[in-house]
Engineer: 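Below is one structure. I have some questions about it.
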There are 2 protein chains.
Amino acid sequence: MATIRDVAKLADVSTATVSRVINRNGYVNAETKRRVTEAIEQLNYVPNDVARSLFKGRSKMIALFVPDITNPFFPELARAVEDVANQRDYTFVLCNTDNDPVKESAYLNALQQKSADGFVIVSSSISEEQLEEINVPMVAVDRITGRSISSVTVNNYSGSRQAVQHLKSIGCKRIAHISGPEHTDNAVLRLRGYLDEVMYEDWFNSNYIAVGEYNFDTAREAAIELLRDCPEVDGVFAGNDLMGAGVLNAAAALGRRVPDDLSVIGFDGISIGKTLTPTLTTMVQPIYEIGAKAADMVITQIENGAPAITSEELPVQLMERQSSRRKE
Amino acid sequence: MATIRDVAKLADVSTATVSRVINRNGYVNAETKRRVTEAIEQLNYVPNDVARSLFKGRSKMIALFVPDITNPFFPELARAVEDVANQRDYTFVLCNTDNDPVKESAYLNALQQKSADGFVIVSSSISEEQLEEINVPMVAVDRITGRSISSVTVNNYSGSRQAVQHLKSIGCKRIAHISGPEHTDNAVLRLRGYLDEVMYEDWFNSNYIAVGEYNFDTAREAAIELLRDCPEVDGVFAGNDLMGAGVLNAAAALGRRVPDDLSVIGFDGISIGKTLTPTLTTMVQPIYEIGAKAADMVITQIENGAPAITSEELPVQLMERQSSRRKE
DNA sequence: AACATGTGTGTAACGGGTTACAGATACATC
DNA sequence: GATGTATCTGTAACCCGTTACACACATGTT
């Protein structure tokens, strides 16, 4: 591979001049510039990013931390972050943290050594101290980790109320909630939204709440138990779409017809909702925009160094599909 | 951040000695080593990866190219590659190529500039010439791109025959195939397996073959048309699970009961198969192992420089679920 | 005594860019 | 004619590790 020195020699100038041509800064005579450009062309020269990074202390690289890319919510998010990164000429690195603080900080260290310029993270576990140690821009997404970090989220609380309101509006009289994990702030917010919507209903009772992880299996288990214990339940608000799929499966296993006997609504708007039978009614998050917005914020901060902590909250939207229908 | 020079000064040795301690090579007196280690500890020193990369021309970084991470087959693959990369102390970079040769080579260039050490790629489009240009280890996965590159795949042909045999064995008399895209070698192999299994059946007719993309929507469309035109079809082999989901959805839309009227089998074994109603019978690929194996091959090649081109073919396995059942 | 081998450490060049600084020239201004 | 300013270019230091090479000393060999 050709180096800047090869180019300099061929164009009969110093490396400084070549560098000036490449980076379009400082004065360069038009004729000189032509010669340099030609030499670059001829040698097929491309500047070495590593050398550049070393000098600048920056790498044009941002990383996304997600709990597990295997969860279909995250690929779409990743896609957005990657697209924006590319658009703005950054390299994109994906890291699965498994919600494990040890893995998280291992990644953080490894990437700092590589001069990563910024991070977009989905994390429930990162500590304020760790945040202090990072001296590059960082934006939290989907979940808020602490108040000393910028974030892009949706209004989980009001989205959750909307979801329950939808079930009420189609005539559900007994609405249960299969909640996500208690240590995750968005699950707590959704639970709170549900509670504030049903707490004062005379039919409400705490058996209508079950807790699972944000996945299919635990939700299915929880739903089977709940629906067996409370056969009067005619509406379920699932903590997210994956859990909604679990509820649909549980309903089928118990012979409960959806939406005739039971309406189900999820949260997220991931694409598997459309593949299910019946298709899943859900509160759609603008997942791609969330990721794009977060990536944009990080890169803008990298380049302009705007340090203010900002919190964006995007809207969710009801998407009615087959799993919920007005009762006769 | 502390540099090796700071450590050298504090321990009162040269940077060479510090480097020798860090890398455990060359001779270092035990007492000296102790002092250096202490200084490293005290300063919280971590070697700068970028400087290291610059000197060595290697970055301890591998990349995975996938058509689209949003397709649920790939996250699992990505997960495997990432895990192995981490285990062996490599950084993992994910790239979505959208099957676009332009994006592919843009990524290839960008990553070469960053001294990426190796690539795992899923691609139908990369050319032999491009392969020539890459002078780092590279392994193709899922699809074979050319004969000048190592690969890890499954036996698509025999897996496909097994799938059709399964439908026959449960009593299907008219078996259709919704095939994946014609420019993708694994789709072609699966189609060939299907053909070799049904071609000489007296019922066979070419209307039983439809072509789509490897996604839900096109398969759904294709299946609706096919099932409407050929109501006698009682078994469908879908090109992959996502397409299988499309077929199930189409069947539901047409009021065909699965598995009573129609049995459906997919290919891949991705997790959404379990979330569908009915759950989807499929030929399970060892996706994680494929990714792990490929990552392992790449890294081993990076470190030992074994240049021989090898092709691994892993087995697929029938997983019977609710979408297929023996006819009475 | 002469030489080989093993141990221990430092100096300095190197990888491939970037840029502060200095020097040179051209032109404008007073 | 002196001074100022814009244009153009090169030298060399710098980013931060790694390692070839040189040198010193200890021990073993013949």
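Computed from heavy atoms alone, side chains included, the values below leave out hydrogens, waters and symmetry copies. Below, read A as the first sequence line, B as the second, and so on, with proteins coming before strands; counting in each chain starts at 1.
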Engineer: Taking atom types as they are modelled, is there a donor-acceptor pair under 3.5 Å from the base of dG17(D) to the side chain of Arg5(B)?
Structural biologist: yes
Engineer: So, does Asn99(B) use its side chain to make a donor-acceptor pair with the main chain of Pro67(B) at under 3.5 Å?
Structural biologist: no
Engineer: Within the pair Asn23(B) and dT18(D), is there a side-chain N or O less than 4.0 Å away from OP1 or OP2?
Structural biologist: yes
Engineer: Could you check how far CZ of Phe55(B) sits from P of dA13(C), rounded to whole Å?
Structural biologist: 14 Å
Engineer: With rounding to the nearest 0.5 angstrom, report the CG to CD distance, Asn109(B) to Glu133(B).
Structural biologist: 7.5 Å
Engineer: Within this structure, what is the CZ-to-P distance between Arg58(B) and dG15(C), rounded to whole angstrom?
Structural biologist: 17 Å
Engineer: Are any of Arg52(B)'s side-chain N or O atoms less than 4.0 Å away from OP1 or OP2 of dC16(D)?
Structural biologist: no
Engineer: Counting distance only, does the side-chain N/O of Lys33(A) pair as donor-acceptor with the main-chain N or O of Val21(A) below 3.5 Å?
Structural biologist: no
Engineer: Using only side-chain N and O atoms of Ser19(B), determine if any of them is under 4.0 Å from OP1 or OP2 of dT18(D).
Structural biologist: yes
Engineer: Write down the distance between NZ (Lys56(B)) and P (dG17(D)), rounded to a whole number of angstrom.
Structural biologist: 13 Å
Engineer: Using whole Å, report how far CE of Met1(B) lies from P of dC16(D).
Structural biologist: 11 Å
Engineer: Find the distance Leu54(B):CG to dT18(C):P and express it as a whole number of Å.
Structural biologist: 12 Å
Engineer: For the backbone of Thr310(A) and the side chain of Ser150(A), can you confirm whether one donor and one acceptor N or O come within less than 3.5 Å of each other?
Structural biologist: yes
Engineer: Hey, what are the protein-to-nucleotides 6-9 of chain D N/O distances that come in under 3.5 Å?
Structural biologist:
| residue | atom | partner | partner atom | Å |
| --- | --- | --- | --- | --- |
| dT7(D) | OP2 | Tyr27(A) | OH | 2.0 |
| dT9(D) | OP1 | Thr32(A) | OG1 | 2.3 |
| dT9(D) | OP2 | Asn29(A) | N | 2.8 |
| dT9(D) | OP2 | Thr32(A) | OG1 | 3.3 |

Engineer: side-chain hydrogen bond (donor to acceptor under 3.5 Å, both in side chains), that's the test. Do Glu104(B) and Ser123(B) meet it? Break it down for me.
Structural biologist: CA-CA 9 Å; Glu104(B) 225 160 45; Ser123(B) 168; 2.9 Å; yes
Engineer: Separation of Ile22(A) atom CD1 from dG16(C) atom C1', in whole Å?
Structural biologist: 11 Å
Engineer: Rounded to the nearest 0.5 Å, what separates atom CD in Gln130(A) from atom CE in Met138(A)?
Structural biologist: 8.0 Å
Engineer: Taking atom P of dA20(D) as reference, at what distance in whole Å does atom CG of Asn25(B) sit?
Structural biologist: 10 Å
Engineer: For atom CD of Glu132(A), is the number of surrounding heavy atoms from other residues, nucleotides or ligands below 6.0 Å larger than 12?
Structural biologist: yes
Engineer: Measure the distance from CG on Asn48(B) to P on dG15(C) and round it to the nearest whole Å.
Structural biologist: 18 Å
